Amino acid sequence: MDLSLTDDQKELQESARRLFGERLPAERVAELADSTDAADAVDTKLWDEVVALGWADITAQGGDFTMEAVLLEQAGYALAPIPLSSTSVAAPALGGLEADGPAAAAVAWAEPTGASAFGSGPVLTRASERDGQWLVTGHKVDVPDLQPASYVLVAAASDPDEAAPVLYVVHAATAAESGSLQATYPPTLDGTRRIAHLELVDAPAVAPADRSTVVAVRRRAFAALAAESVGVGQRALDLAVAHASTREQFGRPIGSYQAIAHRIADVYVAVELARSLAYRAASWVASAETRRDDAETDVACAAAKAAAGDAAVTACETLIQVLGGMGMTWEHVAHRLYKRALANHAYGGSPAAHRATIAAALLDG
C-alpha cells in the first residue's frame, strides 16, 4: 500500500495549512477557547470559508476519505474550532437527507452509564415509531460540536433486546424549538471543542435506511481522531524543535544536548509511525464503504487511533518539558495542544482498549 500523498493531496495539504495558519493565530485560538459562551467558541466565519471551498463535503467533490484525513490533520495542527471532524464522521448517515449544501453535524454516542455505540455496554436511549414518525428518547453525554450542528446523529435502540444500536438523525434546530431536545454545556477540558450533554424526549428523527451505517460512522470516527491527533503531535514536535534550536544554555542550543535531542527524536518516530497508520486507516475507510463487514478495516482504524492518541500526548508532554517554565504558562499554545491531545486520546476508547480490539482480531482470526 502506497501511503505517500498524491499531488492533489499535497496541494490540499498546503492550502489547508495556509488558510488555517492565516485565520487562526494563537491569539484567535485563545479568544475562542476562553469564551464563556459555547456559541462563541466556534469560528463560524472560518467554517463558512471551509464550506465555500468544498472542504466540508469533499467526497461529493470527487475526493475520498484520504483527502478528508489530509484536511483533518491540518485542522488538528491549527486547533481549528470548527465542526469539520464531526461533519466528516457523520457523512455516511446524511447522504439521503435533503440539505441546502453541506450541513454541520454532531454525533451522540455516549450515555451517562458509560455505554456507547463504540461497543461498551447496552445503549439505553430508545427509538419508537408513532404514526410513521420515529421518536427518540434518552440521555447523551460528551457530544462534541453540537452548537453549530444542523443535524445530530443519536445512537438508539428500538428494542431493549437489540444488540447493536442504530444512528437516528435528529434535526437539531427543529427539536430544540419544540423542546424535545435540550442541551447543557459542562466545563470542557478542550476549549477549542466544546462538548454538550443532551436530553431527548420524543425528538423527531429519521432512521437510516442502512442499519450498518453505524459501522461506517464508527470507523470514520476513529480514523478522523487519528488524523487530527497526528496534526496535534506534529505541531507540538515543530514547536519543540524550534525552541530547542534557538534556546541556548552554556553557550549551546539546548537541542544539542542528548537529554533533549533523544526525546525529540523519539517523538519524531512516534508521530511518523502514527501518520502512516492514520493514512493507512483512512485508505481502508475510503475503500471499505461498500464492504462494511471487513474486519481488516476495523483493525486498521483501531491501530491508528491507539498510535496517534499516544503519539500526540507524548509529543505535547515533551514540548512542555522542552519549553521549561514557558510551557507552564497560560499564554503559550502548549497547554491547548495538550488538552486536545488528551481529549482525543480518551474519546472513543483509550489506546489500551483499541489494542485489545487488535489483539482479539489477531488471536481469534
Side-chain angles (χ1 to χ4, degrees), residues 17 20-21 24-34 72-81 85 187-193 195 225-278 303-355:
R17 176 74 71 94
F20 293 148
L24 295 170
E27 297 78 10
R28 176 60 174 160
V29 172
E31 176 189 355
L32 294 165
D34 295 339
L72 289 167
E73 181 182 349
Q74 297 309 311
Y77 190 95
L79 294 179
S85 176
T188 304
L189 173 67
D190 177 15
T192 62
R193 174 172 292 155
I195 62 170
L225 285 166
E228 193 176 84
S229 295
V230 168
V232 174
Q234 185 64 55
R235 176 84 176 278
L237 174 61
D238 289 348
L239 290 171
V241 169
H243 184 75
S245 301
T246 57
R247 179 76 168 95
E248 292 189 359
Q249 284 288 350
F250 307 108
R252 295 166 53 187
I254 62 173
S256 65
Y257 296 102
Q258 289 185 355
I260 300 294
H262 288 182
R263 289 193 68 107
I264 292 178
D266 288 343
V267 170
Y268 172 80
V269 171
V271 171
E272 286 301 311
L273 174 61
R275 178 177 286 109
S276 296
L277 290 172
K305 172 67 169 65
D310 279 344
V313 170
T314 300
C316 292
E317 290 176 346
T318 298
L319 169 61
I320 292 170
Q321 291 170 342
V322 169
L323 289 171
M326 188 188 306
M328 304 300 292
T329 62
W330 190 255
E331 290 76 12
H332 200 280
V333 74
H335 73 97
R336 302 192 193 280
L337 291 168
Y338 191 34
K339 289 171 181 175
R340 175 66 68 91
L342 289 172
N344 285 359
H345 186 276
Y347 190 75
S350 68
H354 288 288
R355 291 190 183 97

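When reading the values below, keep in mind they use all heavy atoms of this one structure, side chains included, and skip hydrogens, waters and symmetry mates. As the structure is a prediction and not an experimental result, all values here were calculated from the model.
- Residues A240 and V322 share a closest heavy-atom pair of O-CG1, 3.9 Å.
- Remark: the backbone N or O of W330 is paired with a side-chain donor or acceptor of H335 at under 3.5 angstrom.
- A heavy-atom distance below 4.5 Å is found between the side chains of E272 and Q234.
- Contact between A274 and A311 at its shortest, heavy atoms only, is CB-CB, 4.0 Å.
- None of L319, I254, I260 except one satisfies the side-chain contact (heavy atoms from CB on, under 4.5 Å) rule with H243; the exception is I254.
- Residues L239 and V333 have side chains in contact (heavy-atom distance under 4.5 Å, counting atoms from C-beta outward).
- Note that the CD atom of Q321 and the CG atom of L323 stand 10.0 Å from one another [nearest 0.5 Å].
- A donor-acceptor contact shorter than 3.5 Å links the side chain of T329 to the backbone of M326.
- Listed here is the closest heavy atom pair of I264 and V241: CG2-CG2, 3.7 Å.
- Ion pairing of K339 with D190 is absent here, as no side-chain N (NZ or NE/NH1/NH2) approaches a carboxylate O to less than 4.0 Å.
- Contacts of S85 classified as side-chain hydrogen bond (donor to acceptor under 3.5 Å, both in side chains), with partners at least two apart in sequence or in another chain: none.
- Contact record, A226 with A308: O-CB, 3.4 Å, taken as the closest heavy-atom pair.
- With hydrogens and angles ignored, the 3.5 Å screen pairs a side-chain donor or acceptor of K305 with a backbone N or O of H345.
- A distance-only check finds no donor-acceptor pair linking the side chain of T188 to the backbone of G191 [under 3.5 Å].
- Taking both residues in full, the closest heavy atoms of Y338 and I320 are given as CD2-CD1, 3.9 Å, listed atom of the first, atom of the second, then distance.
- Put simply, the side chain of Y257 gets close to the backbone of Q249: a donor and an acceptor are under 3.5 Å apart.
- Annotation: side chain of R193 is in contact with side chain of E228 (closest heavy-atom distance under 4.5 Å).
- Here the closest non-hydrogen pair linking L337 and V232 is O-CG1, 3.5 Å.
- Donor-acceptor pairing under 3.5 Å is lacking for the side chains of T192 and R336.
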